[in-house]
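In what follows, a single structure is set out as structure tokens and then discussed.
The figures that follow rest on heavy atoms only: side chains count, while hydrogens, waters and symmetry mates do not. If you read the sequence from its start, that first residue is 1, and numbering goes on from there. Owing to the predicted nature of the structure, the values given are computational and were not obtained by experimental measurement.
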Amino acid sequence: DRPEVISHMNDCFQSRRTIRKSGEFQLVSTGEWKYLDATFVYVPPDRVMIHTEDITERRRAEQAQLEAERKYREIFENAHEGIFQSTPEGSFLTANPALARILGFESPEQLIRERTNIASQHFVDASRREEMKRLLAQDGFVQAFEFEAYHRDGSRLWLSESIREVRNSDG
């Protein structure tokens with residue numbers, strides 16, 4: 001009594017190929033809505049086997065993760081404070097629009113593209129970066145670290161950074 005299921009069965013039978021479909025279905029037995037992966041497999045000479053897998057929980061987890069990422073991105077993009085990630089070697093990985101504005105760049109992409117060496121292009125006194133790195137290695141975080149930085153136009157400004165070390169799976 002499900003036209004889409006019958007249609008997929010017929011397509012599978014006629015084409016003699018496996019067909020995969022995912023979607024939300026209401027179970028006839030309970031009325032409950034589930035997200036299912038369905039695989040229609042042609043079985044010679046005249047059969048179609050249907051395998052369904054309930055992926056409702058996985059789908060909900062994926063949706064929750066997407067929502068968390070959307071919220072994070074919204075906070076990151078709209079914060080008034082400059083937020084960034086950098087490599088230990090001193091390259092910006094990400095930056096938000098506020099940091100780009102603070103440093104005189106039109107966009108985060110321009111900042112990342114033009115400021116390729118944080119030690120020499122960002123810190124007026126490169127030894128302050130070494131001190132910050134030493135404190136970070138010692139404690140895994142640094143609070144309210146003050147230093148003088150270069151604005152894009154070459155002028156100087158004072159910044160206060162709070163930094164937390166984050167490692168990927170390779171350390």
Side-chain angles (χ1 to χ4, degrees), residues 1-118 121-122 133 136-137 139-143 152 161-171:
D1 65 345
R2 305 295 289 262
E4 69 273 16
V5 173
I6 293 169
S7 174
H8 297 322
M9 286 174 55
N10 286 332
D11 290 347
C12 176
F13 187 78
Q14 297 300 322
S15 68
R16 309 254 191 288
R17 291 187 348 208
T18 298
I19 297 175
R20 297 181 194 285
K21 297 292 179 179
S22 294
E24 198 167 23
F25 295 93
Q26 188 173 21
L27 301 180
V28 175
S29 58
T30 64
E32 185 179 14
W33 284 92
K34 294 283 187 174
Y35 203 89
L36 303 176
D37 266 348
T39 305
F40 298 80
V41 179
Y42 172 70
V43 180
D46 60 356
R47 305 256 190 263
V48 172
M49 177 184 73
I50 304 171
H51 174 265
T52 58
E53 182 179 356
D54 182 353
I55 59 167
T56 305
E57 290 306 313
R58 182 176 77 203
R59 181 74 174 185
R60 285 181 185 151
E62 289 169 355
Q63 293 298 324
Q65 182 176 357
L66 288 173
E67 180 63 12
E69 288 170 2
R70 184 193 63 76
K71 288 178 181 178
Y72 163 78
R73 177 63 48 198
E74 198 170 275
I75 291 168
F76 183 79
E77 295 292 332
N78 295 305
H80 293 287
E81 297 81 16
I83 303 171
F84 68 93
Q85 291 178 309
S86 68
T87 65
E89 298 77 33
S91 298
F92 284 106
L93 294 170
T94 61
N96 72 342
L99 182 65
R101 279 192 305 277
I102 290 166
L103 296 174
F105 293 88
E106 293 180 21
S107 69
E109 295 78 19
Q110 182 187 34
L111 165 66
I112 293 166
R113 188 174 53 252
E114 291 184 20
R115 200 156 275 184
T116 58
N117 185 322
I118 292 173
Q121 296 173 306
H122 188 61
K133 286 174 59 176
L136 188 59
D139 299 324
F141 69 94
V142 178
Q143 293 282 61
R152 184 170 185 249
E161 289 185 354
S162 293
I163 307 153
R164 177 159 306 279
E165 184 176 65
V166 179
R167 296 183 177 271
N168 64 15
S169 60
D170 296 328

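By the side chain to side chain contact (heavy atoms under 4.5 Å, CB included) test, F25 is found to be paired with R2, E4, L36, residues two or more places apart in sequence or in another chain being considered. The side-chain hydrogen bond (donor to acceptor under 3.5 Å, both in side chains) test applied to S107 returns E109, not counting sequence neighbours. Applying the ring-ring contact (aromatic ring centres under 6.0 Å, His included) rule to F76 yields the partners Y72; only residues at least two apart in sequence or on another chain are considered.
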Between R73 and E69, is the side chain to side chain contact (heavy atoms under 4.5 Å, CB included) condition met? List the steps. CA-CA 6 Å; R73 177 63 48 198; E69 288 170 2; over 6 Å; no

Step by step, would you call K71 with E74 a salt bridge (charged side-chain N to carboxylate O under 4.0 Å, His left out)? CA-CA 5 Å; K71 288 178 181 178; E74 198 170 275; over 6 Å; no

Side chain to side chain contact (heavy atoms under 4.5 Å, CB included), that's the test. Do R115 and F105 meet it? Break it down for me. CA-CA 10 Å; R115 200 156 275 184; F105 293 88; 4.0 Å; yes

Between L27 and W33, is the side chain to side chain contact (heavy atoms under 4.5 Å, CB included) condition met? List the steps. CA-CA 6 Å; L27 301 180; W33 284 92; over 6 Å; no

Decide yes or no on side chain to side chain contact (heavy atoms under 4.5 Å, CB included) for L93 and S86, but give the supporting numbers first. CA-CA 5 Å; L93 294 170; S86 68; 5.6 Å; no

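Interatomic distance, CZ of F40 versus CD1 of I50, reported as 4.5 Å (0.5 Å rounding). Taking CZ of R59 as the start and OG of S22 as the end, the distance is 8.0 Å to the nearest 0.5 Å. Taking CD1 of I163 as the reference point, atom CD of Q85 lies at 13.0 Å (rounded to 0.5 Å). How far CD1 of I83 is from CG of L99: 9.0 Å, rounded to the nearest 0.5 Å. Going from atom CG of L111 over to atom CZ of F84 covers 9.5 Å, rounded to the nearest 0.5 Å. Distance check: Q121 CD to F92 CZ gives 9.0 Å after rounding to the nearest 0.5 Å.
When every heavy atom of Y42 is checked against every heavy atom of R47, the shortest pair comes out as CD1-O, 3.5 Å. When all heavy atoms are compared, the tightest approach of V43 to M49 is CG2-CB, 3.9 Å. When all heavy atoms of N96 and E81 are compared, the closest pair comes out as ND2-O, 2.9 Å. Annotation for T52 and A38: closest pair CG2-CB, 4.1 Å, computed over non-hydrogen atoms. Contact between H80 and A98 at its shortest, heavy atoms only, is O-CB, 3.6 Å. Looking at every heavy atom in both residues, P108 comes nearest to A95 through CB-O, 3.2 Å.
Among residue pairs with one or both ends in residues 11-21, none qualify as salt bridge (Lys or Arg N to Asp or Glu O under 4.0 Å); sequence neighbours excluded. Contacts classified as salt bridge (Lys or Arg N to Asp or Glu O under 4.0 Å) and involving residues 29-41 (residues at least two apart or in different chains) are given here: E32-K34, K34-D54, D37-R58. Listed by first and then second residue, the salt bridge (Lys or Arg N to Asp or Glu O under 4.0 Å) pairs that reach into residues 83-108 come to none, sequence neighbours excluded.
Under a 3.5 Å cut-off, the side chain of T87 and the backbone N or O of S91 do form a donor-acceptor pair.
With hydrogens and angles left out, the side-chain atoms of Q63 and E67 include no donor and acceptor closer than 3.5 Å.
Electrostatic pairing of R152 and E114 counts as a salt bridge here, judged by a charged N lying under 4.0 Å from a carboxylate O. Between R60 and E62 there is no salt bridge, since no side-chain nitrogen of the basic residue lies less than 4.0 Å from a carboxylate oxygen of the acidic one.
Atom CZ of R167 sits in a sparse spot, with 12 or fewer heavy atoms from other residues, nucleotides or ligands closer than 6.0 Å.
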